Protein chains: 2
Amino acid sequence: MRPNHHQFIAFSYVVREGSFSAAARRLGVTQSTVTQHVSKLEELVGSELLLRRRDGVSLTPTGRDFFGLADRLVALDCEIGERLRGYSSLNEGRLKVIANAPQPALQVIATFNDRFPNVHIDFRLCDWTTANQLIRDRVADVGLITDASERDDWERVVLQETRYVLYCRSDHALADRDIVGIEDLMDQTIILPEQGSLTQQVVHQKLAERQMELPQLITMTTFPVMCEAVRQGLGAAIFLKNSSHIYDGLVEIPIRDFHQIHQTCFVAPKDRARLKLINEFRAAALAITFQ
Amino acid sequence: MRPNHHQFIAFSYVVREGSFSAAARRLGVTQSTVTQHVSKLEELVGSELLLRRRDGVSLTPTGRDFFGLADRLVALDCEIGERLRGYSSLNEGRLKVIANAPQPALQVIATFNDRFPNVHIDFRLCDWTTANQLIRDRVADVGLITDASERDDWERVVLQETRYVLYCRSDHALADRDIVGIEDLMDQTIILPEQGSLTQQVVHQKLAERQMELPQLITMTTFPVMCEAVRQGLGAAIFLKNSSHIYDGLVEIPIRDFHQIHQTCFVAPKDRARLKLINEFRAAALAITFQ
DNA sequence: CGAAATTCCTATGACGTCATATTAGTGAAA
DNA sequence: TTTCACTAATATGACGTCATAGGAATTTCG
């Protein structure tokens with residue numbers, strides 16, 4: 001026998017949702033159905049595709065191999081569905097959005113949501129490395145990623161250019177400076193985003209070039225937390241201009257050695273890029289950043 | 001209800017084979033099955049997809065729209081099938097090949113057939129315009145086309161470079177020349193390929209640039225016929241070097257004004273390009289032309 | 001010449017087979 | 001207990017086949 005849609009679609013949803021039950025809910029069928037489909041697919045392939053663990057499922061190597069195909073099938077299926085409904089309503093749907101910085105992602109989401117209030121948006125903020133990976137693995141639909149990797153099977157559109165700056169409170173020692181250099185940071189407490197972030201990579205590279213080290217370094221998970229920390233007077237933070245909403249009372253100062261320009265990109269797997277929902281999201285992103 | 005792959009696959013096969021019965025034979029099901037699937041699809045779409053005529057079927061505008069999707073689904077389906085079978089046997093299959101010149105197509109087909117004798121090859125020679133169109137419309141799987149158009153959804157690989165030359169019999173008035181110019185051709189009978197061919201386009205453009213006209217012009221459908229005509233002493237023919245097997249006793253002479261280089265390309269729709277059969281054909285093409 | 005037969009298509013209805021999804025029930029882990 | 005994955009039994013419906021009908025060219029033959 002040959003595998004059919006149902007099996008691949010069930011498999012794909014399980015991978016993306018991370019569990020059989022969640023996939024079943026999303027698909028609007030019982031969990032039993034999903035189990036049967038995935039089992040059948042595994043039987044046809046002749047090996048396990050998923051590792052079932054208490055905390056969710058993960059892909060086996062074979063599973064990873066098949067997931068690419070399965071997801072392309074799902075994308076095509078959605079596209080066919082859209083065409084059948086005559087491109088009519090976008091009154092339903094889900095979109096998994098991933099970003100490595102709150103801005104401009106949240107702004108884009110706001111615009112998009114304004115236009116399509118009934119589309120459920122699933123936003124996740126994570127570090128640069130993970131963000132790239134989630135798109136590559138097709139777990140997320142679209143990404144807004146700084147300096148996203150380039151790949152043949154990705155659609156990648158540059159949205160805006162930005163560079164690293166120092167953020168501090170207006171009563172900070174460096175607050176009155178027009179520009180600062182790395183050497184000015186040595187005796188300051190510096191806050192950086194978590195491991196895996198592009199910021200960490202860039203900063204560490206710069207420091208390595210100059211054979212310097214920041215003695216007072218704090219890393220934090222997300223940008224809003226960093227902002228809050230700066231506001232509390234914990235220190236000064238380095239991150240991309242425009243990557244988070246900046247509270248009043250904070251100042252941003254260019255850093256002499258971080259003149260390199262970085263690009264915020266819209267990315268999506270090419271097979272998915274034809275989908276109406278994703279097209280609209282891209283349109284919203286372009287509308288925001290080029291206004 | 002939602003349409004499923006059976007319906008799309010049936011539809012796609014009907015389009016490519018040009019009839020319900022032929023599609024049924026190819027699919028290994030009864031004609032009744034194919035009819036039912038296509039009807040169901042039409043019912044779901046809400047309009048006719050095919051115009052049934054005595055001499056075959058043709059696409060309605062809506063049908064054309066859906067055929068793109070249907071064919072991508074078929075390609076994906078094949079790819080999944082290949083993956084499941086572990087890329088094992090290529091002992092069956094069909095490949096529609098289109099070209100605007102016998103060479104190097106026939107040579108490539110010979111190589112390919114040597115390696116995969118059980119793959120049925122369906123070769124069609126046609127003019128440049130039609131060849132491009134057949135690939136664009138996904139009626140053919142692969143093409144070997146001179147200066148094929150570039151498109152986002154095509155895979156396009158340059159195989160070899162060539163240029164226009166004059167072919168004539170060794171007793172022809174120009175046979176002893178090392179090189180000829182357009183002016184030398186004015187008082188000769190010149191044979192060109194049919195309307196729509198790249199040769200016609202190029203030659204007419206050159207003539208228009210110089211505001212000249214060839215007084216004694218004959219056009220013929222295919223390259224082998226042109227060769228035969230030259231051999232019979234009908235006149236001299238202009239066509240791409242290496243585009244047909246040249247009989248002994250014919251000489252080829254460069255033309256001064258036709259120095260522009262043309263590229264013979266391998267082309268295939270990108271969705272199909274991942275298929276094993278098509279990969280192997282491309283490999284055969286590259287093996288021939290870069291040996 | 002022209003009507004009937006032939007041939008090549010596609011369409012339809014009835015029917016058996018198999019696949020799909022549901023409900024219900026089991027066991028395991030948190 | 002609750003959550004989750006798997007399994008068994010079952011109803012529904014889809015798929016494919018056969019037999020058959022109808023339409024439109026082509027051929028046959030009086």
Side-chain angles (χ1 to χ4, degrees), chain A residues 1-60 63 67 70 73-74 77 80-81 84, chain B residues 1-60 62-63 66-67 70 73-74 77 80-81 84:
Chain A
M1 211 199 79
R2 299 199 46 154
N4 60 17
H5 281 202
H6 299 279
Q7 289 145 13
F8 276 100
I9 288 172
F11 171 55
S12 172
Y13 270 71
V14 170
V15 174
R16 302 192 85 207
E17 297 296 330
S19 105
F20 281 65
S21 323
R25 278 191 294 276
R26 191 98 299 136
L27 283 165
V29 298
T30 57
Q31 169 267 317
S32 170
T33 303
V34 176
T35 296
Q36 289 179 65
H37 279 149
V38 175
S39 314
K40 191 119 212 176
L41 188 59
E42 288 179 323
E43 184 191 316
L44 288 167
V45 172
S47 79
E48 295 234 300
L49 300 175
L50 293 169
L51 296 171
R52 285 87 160 161
R53 302 234 177 124
R54 355 198 169 302
D55 53 341
V57 298
S58 62
L59 285 164
T60 63
F67 179 60
L73 196 64
V74 172
D77 216 58
I80 288 170
L84 271 178
Chain B
M1 210 199 80
R2 299 202 46 161
N4 59 21
H5 61 187
H6 295 280
Q7 289 145 14
F8 277 100
I9 288 172
F11 171 54
S12 172
Y13 270 70
V14 170
V15 174
R16 302 193 83 205
E17 297 295 329
S19 107
F20 282 64
S21 323
R25 278 192 294 274
R26 190 98 298 136
L27 285 164
V29 297
T30 57
Q31 165 266 317
S32 168
T33 302
V34 175
T35 296
Q36 289 179 64
H37 280 148
V38 175
S39 314
K40 191 121 214 173
L41 188 59
E42 288 179 325
E43 184 191 316
L44 288 166
V45 171
S47 79
E48 295 235 300
L49 300 174
L50 294 168
L51 297 172
R52 286 87 160 156
R53 302 246 176 110
R54 167 103 187 118
D55 53 343
V57 298
S58 61
L59 284 164
T60 63
T62 316
F66 270 89
F67 178 60
L73 197 64
V74 172
D77 219 59
I80 288 170
L84 273 177

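First the proteins, then the strands, lettered A, B, ... as listed; each starts at 1. Values reported hereafter were calculated over all heavy atoms of this structure, with side chains retained and with hydrogens, waters and symmetry mates removed. Nothing here was measured: the structure is a model prediction, and the numbers come from that model.
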Under 3.5 Å, which protein N or O atoms sit close to an N or O of nucleotides 27-30 of chain C? Give each pair with its distance.
from   : atom 1 : to      : atom 2 : distance (Å)
C:dA30 : OP1    : A:Arg54 : NE     : 2.7

Do B:His37 and B:Val29 have side-chain heavy atoms sitting under 4.5 Å apart? no
Quick one: are B:Phe67 and B:Arg16 in side-chain contact, heavy atoms under 4.5 Å? yes
Hey, are the side chains of A:Phe8 and A:Asp77 touching, using non-hydrogen atoms and a 4.5 Å cut-off? no
Taking the side chain as every heavy atom from C-beta outward, state whether A:Leu73 and A:His5 have any pair of such atoms under 4.5 Å apart. yes
Over how many whole Å does the gap from B:Leu44 atom CG to D:dA14 atom C1' extend? 13 Å
If you take atom types as modelled and just measure distance, does the side chain of A:Gln36 reach the base of C:dT22 with a donor-acceptor pair under 3.5 Å? yes
Below 4.0 angstrom from OP1 or OP2 of C:dT20, is there any side-chain N or O of A:His5? no
Note, A:Phe11 side chain near A:Val74 side chain (heavy atom, < 4.5 Å): no
Any side-chain heavy-atom pair from A:Gln36 and A:Ser32 closer than 4.5 angstrom? yes
Let me know the distance between CG of A:Leu41 and P of C:dA19, rounded to the nearest Å. 15 Å
If we only count heavy atoms from C-beta on, is the B:Thr60 to B:Phe66 side-chain gap below 4.5 Å? no
Taking only side-chain nitrogens and oxygens of B:Asn4, does any of them come within less than 4.0 Å of OP1 or OP2 of D:dC15? yes
I need the NE2-P distance between A:His37 and C:dC18, as an integer number of Å. 18 Å
Under 4.0 Å from OP1 or OP2 of C:dA11: is there any side-chain N or O of B:Ser39 that close? no
Whole-Å distance separating the NE2 atom of B:His6 from the P atom of C:dT20: 8 Å
Rounded off to whole Å, could you give me the CD-to-C1' distance for the B:Glu43 and D:dA14 pair? 13 Å
Could you tell me the separation between the OG1 atom of A:Thr35 and the CZ atom of A:Arg52, rounded to the nearest 0.5 Å? 7.5 Å
Validation row: B:Val38, B:Val14 side chains within 4.5 angstrom (heavy atoms): yes
B:Leu49 CG to C:dT10 P: how many Å, rounded? 15 Å
For atom CZ of B:Arg25 and atom P of D:dG16, their distance in whole Å: 18 Å
Please state how far atom NZ in A:Lys40 lies from atom P in C:dT20, giving the value in whole angstrom units. 7 Å
Ordered by number, residues from residues 27-35 of chain A within less than 4.0 Å of DNA chain D (heavy atoms) are A:Gln31, A:Ser32, A:Thr35
